[in-house]
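Let me begin by presenting the structure, written as structure tokens, before commenting on it.
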Amino acid sequence: MEILHCDVLCVGSGAAGLRAAIEAAEMGCRVLCISAGAPGQGTSTVLSGGVFRGISGNYSPEAHRRDTVIAGRGLNDLKLVDVLVEEAPRRLEELVEWGMVCERRGPFLFAKGSAPVWGKAISSCLVDKARSVGVGFVGSTTILRLSSQDEGMRALGMRRPRGPFVEIRAGAIVLATGGAGALYLRHDNPKGMMGSGYALALELGAQLQDMEFLQFYPVGLAQEGLPPLLIPPRLADKGRLRNTKGEEILEKWGISERPAAEKARDKLSQAMFQEMRQGQEICLDLGGISQEDLANDPLSSSCAELLKRKIGGLERPLKVAPMAHFTMGGVRIDPWCRTKVPGFFVAGEAAGGLHGANRLGGNALTEAIVFGARAGRSAALWAKENGPGKDSGPLWEAKVEAEPPELSRKRFLERLRKTMWELGGIIRSREGLMEARRLLEWQMEEAGFSREHRKTETGLHPIFGAATVAMVILEASLRREESRGAHFREDFPREDSERWSGHLIVEGPSLENLRWSFEPLHEEGNFPR
């Protein structure tokens, strides 16, 4: 087995992982950044709208804080929010200094790109900066297991497609693997974004929180044969959103916030899903869009050009539908990205707590940069103080395990995504969530995922890791008997702060050994003492 050594290992090469790697390298550490694809590619950063909230100007930290907490329905960890709003201007200015191709508009910094890869300029800038400060990259490698013991931090990876294996020995690990949007039938995440980091963190001994809160973006292209392109909020607002009967969706459902797809993502997604359950299709008519309408929003302008050039979307109504977009829950961290496991740090969408019950538009990329830098600094300090641990033999006797055939795995994922979309997504109920759990268990058995497949000597099977995270989302959604932010229970349609003002927390190494608890809010933030 190949063995690699470093002071800090960053798992994931999106904005959070790259920014952590840069920070640790600038502090004099040997840094490796490992990813399932090519460095900086195939990430949510690349597929994002490329919009950062919080650049210096007329938008004060106080206003940023207020908007973030309003969007989060009061469940935000305030310590994390304070870090975000205070450090955002400086961190975003660094990107400008490093040469990211961008422009400023009000409180936003826009990476200049073209749809659907608006965020490519971000990744290119960060990869170039990382290489310039000596970060090493390991691509096309899937992490199967993490370990923390006397020997130090360890990670077991498998090169594509089926080996060889690699063991990475590090003083500290930063997890920045993104979210779990690809667990759903409709999503705009990379297809492999199925929550692998959450499963790895659970197995390592970290805690997850708020896993019931998964944001759906309401206005995604749903034309047959075309990718689920995110239609920017301000562009969508310039058009008319109607159902098959010709009814105006925003008026029918009393949605007054504008732009609706930015400030009322939860309400609009729920309204559209209700319409779809009743057999209605939703169309967006952009026929009245003018160049003047697009002038003040680079995101809208670039998307409109793509729609016009590729599919004539400005001349005819477009079929649209919600899609899974962002996971608010994640690994529990403190303001320095520390977890319950010494030497293990988490940043970006893999972490929970900052966004509460829903995320404010533009905060995802800002979070990745701000907390990526903090995670890198924390990991570097830990590695310098504690060293890489003892240099022993290989921790794992890795071998390629027998697994279900490709067709079974493909069918299993199709069924899982359909189940999560229909029963565990935008509109939930006790009956539906319990049925989803039952179906998922049956689907695992039917696909041949016996308990031997689920967890082997080599590590957590990647597909079963996805099923584990799906089960955690379903269970958290079942336990929270209220509606708040992105979590809507039609059998508990009201917010219930008397009972549910706090966080659902889960820990445990496997589905068979999960431990759940509920921690009420306390004003100074919610991290275990």
Side-chain angles (χ1 to χ4, degrees), residues 71 73 181 183-188 212-224 228-231 233 235-237 239-286 317-328 357-359 361 417-437 439 470 473-474 476-478 480-496 500:
R73 303 300 197 272
L183 291 176
Y184 290 83
L185 183 65
R186 281 189 52 77
H187 66 87
D188 67 341
E212 64 272 35
F213 296 115
L214 198 136
Q215 184 182 83
F216 291 80
Y217 185 83
V219 192
L221 190 63
Q223 294 283 140
E224 189 173 348
L229 177 69
L230 180 152
I231 298 177
L235 179 59
D237 254 28
R240 303 187 69 176
L241 200 61
R242 299 188 183 102
N243 63 14
T244 311
K245 298 177 183 177
E247 297 171 318
E248 301 278 354
I249 297 300
L250 298 178
E251 291 179 9
K252 178 179 178 179
W253 293 89
I255 299 170
S256 58
E257 297 92 333
R258 297 291 184 275
E262 178 182 314
K263 296 185 177 179
R265 286 181 180 179
D266 47 359
K267 289 192 285 187
L268 183 52
S269 292
Q270 291 155 20
M272 292 173 69
F273 194 77
Q274 289 278 30
E275 295 279 342
M276 292 162 63
R277 288 206 304 188
Q278 295 166 15
Q280 297 292 307
E281 288 188 350
I282 311 296
C283 285
L284 177 66
D285 187 350
L286 296 171
L318 299 171
K319 183 180 175 182
V320 293
M323 52 190 182
H325 184 58
F326 188 88
T327 311
M328 273 76 70
N358 212 348
R359 178 179 64 79
R417 286 169 170 147
K418 186 172 185 291
T419 297
M420 292 298 287
W421 174 256
E422 293 179 350
L423 301 173
I426 296 172
I427 295 178
R428 300 160 170 171
S429 68
R430 178 177 178 79
E431 181 182 1
L433 292 165
M434 292 184 71
E435 174 67 4
R437 289 193 313 183
L439 282 173
I473 291 171
L474 293 173
S477 303
L478 190 59
R480 183 173 285 276
E481 295 180 332
E482 68 158 355
S483 292
R484 185 188 296 259
H487 169 68
F488 182 77
R489 286 280 298 265
E490 58 185 342
D491 48 349
F492 293 95
R494 301 277 185 268
E495 192 171 295
D496 184 358
W500 292 107

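For clarity, every value in this text was computed on a predicted model and none was experimentally measured.
The distance from the CG atom of Leu284 to the CG atom of Leu221 is 9.5 Å, given to the nearest 0.5 Å. Here Asp188 contributes atom CG and Phe326 contributes atom CZ; the two are 11.5 Å apart, rounded to the nearest 0.5 Å. Put simply, OH on Tyr217 and CD on Glu262 are 8.5 Å apart, with the number rounded to the nearest 0.5 Å. The distance from the CD1 atom of Ile255 to the CD atom of Gln270 is 8.5 Å, given to the nearest 0.5 Å. Here OG of Ser429 is found 10.0 Å from CD of Glu435. Values are rounded to the nearest 0.5 Å. Rounded to the nearest 0.5 angstrom, Ile282 CD1 and Ile249 CD1 are separated by 4.0 Å.
Closest approach of Arg242 and Glu248 over heavy atoms only: NE-OE2, 3.4 Å. Closest non-hydrogen pair, Leu433 versus Leu423, comes out as CD2-O, 3.6 Å. For the pair His325 and Leu230, the tightest heavy-atom approach, listed with the atom from each and the gap, is CE1-CD1, 3.4 Å. The heavy-atom pair separating Met328 from Ala357 by the smallest distance is CE-O, 3.6 Å. Residue Met323 comes nearest to Trp421 through the heavy atom pair CA-CZ3, 4.4 Å, listed as atom of the first residue, atom of the second, then distance. Nearest heavy-atom pair across Asp237 and Ala260 is OD1-N, 3.3 Å.
In terms of modelled atom types and a separation under 3.5 Å, the side chain of Asp491 and the main chain of Arg430 share a donor-acceptor contact. Checking side-chain atoms of Thr327 against main-chain N and O of Leu214 turns up no donor-acceptor pair under 3.5 Å. The backbone N or O of Trp500 lies less than 3.5 Å from no partner atom in the side chain of Asp496, so there is not a single donor-acceptor pair. Between the side chain of Thr419 and the main chain of Ala436, no donor-acceptor pair closer than 3.5 Å is present. Not one N or O on the side chain of Gln215 forms a donor-acceptor pair closer than 3.5 Å with the backbone of Arg265. In terms of modelled atom types and a separation under 3.5 Å, the side chain of Tyr184 and the main chain of Gly424 share a donor-acceptor contact. One N or O on the side chain of Gln223 and one on the backbone of Lys319 form a donor-acceptor pair closer than 3.5 Å. A distance-only check finds a donor-acceptor pair linking the side chain of Arg186 to the backbone of Ala321 [under 3.5 Å].
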Show, in sequence, the C-alpha distance, side-chain angles and deciding distance for Leu235 and Val219, and conclude whether the side-chain contact (heavy atoms from CB on, under 4.5 Å) test is met. CA-CA 10 Å; Leu235 179 59; Val219 192; over 6 Å; no

Give the C-alpha distance, both sets of side-chain angles, the deciding distance and a yes or no for side-chain contact (heavy atoms from CB on, under 4.5 Å) between Met272 and Leu241. CA-CA 10 Å; Met272 292 173 69; Leu241 200 61; 4.3 Å; yes

Under the side-chain contact (heavy atoms from CB on, under 4.5 Å) criterion, do Asp266 and Arg73 qualify, and how do the steps go? CA-CA 12 Å; Asp266 47 359; Arg73 303 300 197 272; 2.7 Å; yes

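With sequence neighbours excluded, the residues forming a side chain to side chain donor-acceptor pair (under 3.5 Å) with Glu490 are Arg277, listed by chain and number. With sequence neighbours left out, the ring pair (Phe, Tyr, Trp, His ring centres under 6.0 Å) criterion links Trp253 to no other residue.
A 6.0 Å sphere centred on NZ of Lys418 holds no more than 12 heavy atoms belonging to other residues, nucleotides or ligands.
Using a 4.5 Å cut-off on side-chain heavy atoms (C-beta onward), Pro228 and His187 make no contact. With contacts defined as side-chain heavy-atom distances shorter than 4.5 Å, the pair Lys245/Gln280 qualifies.
Arg428 has no carboxylate O lying under 4.0 Å from a charged side-chain N of Glu212, or vice versa, which leaves the two without a salt bridge.
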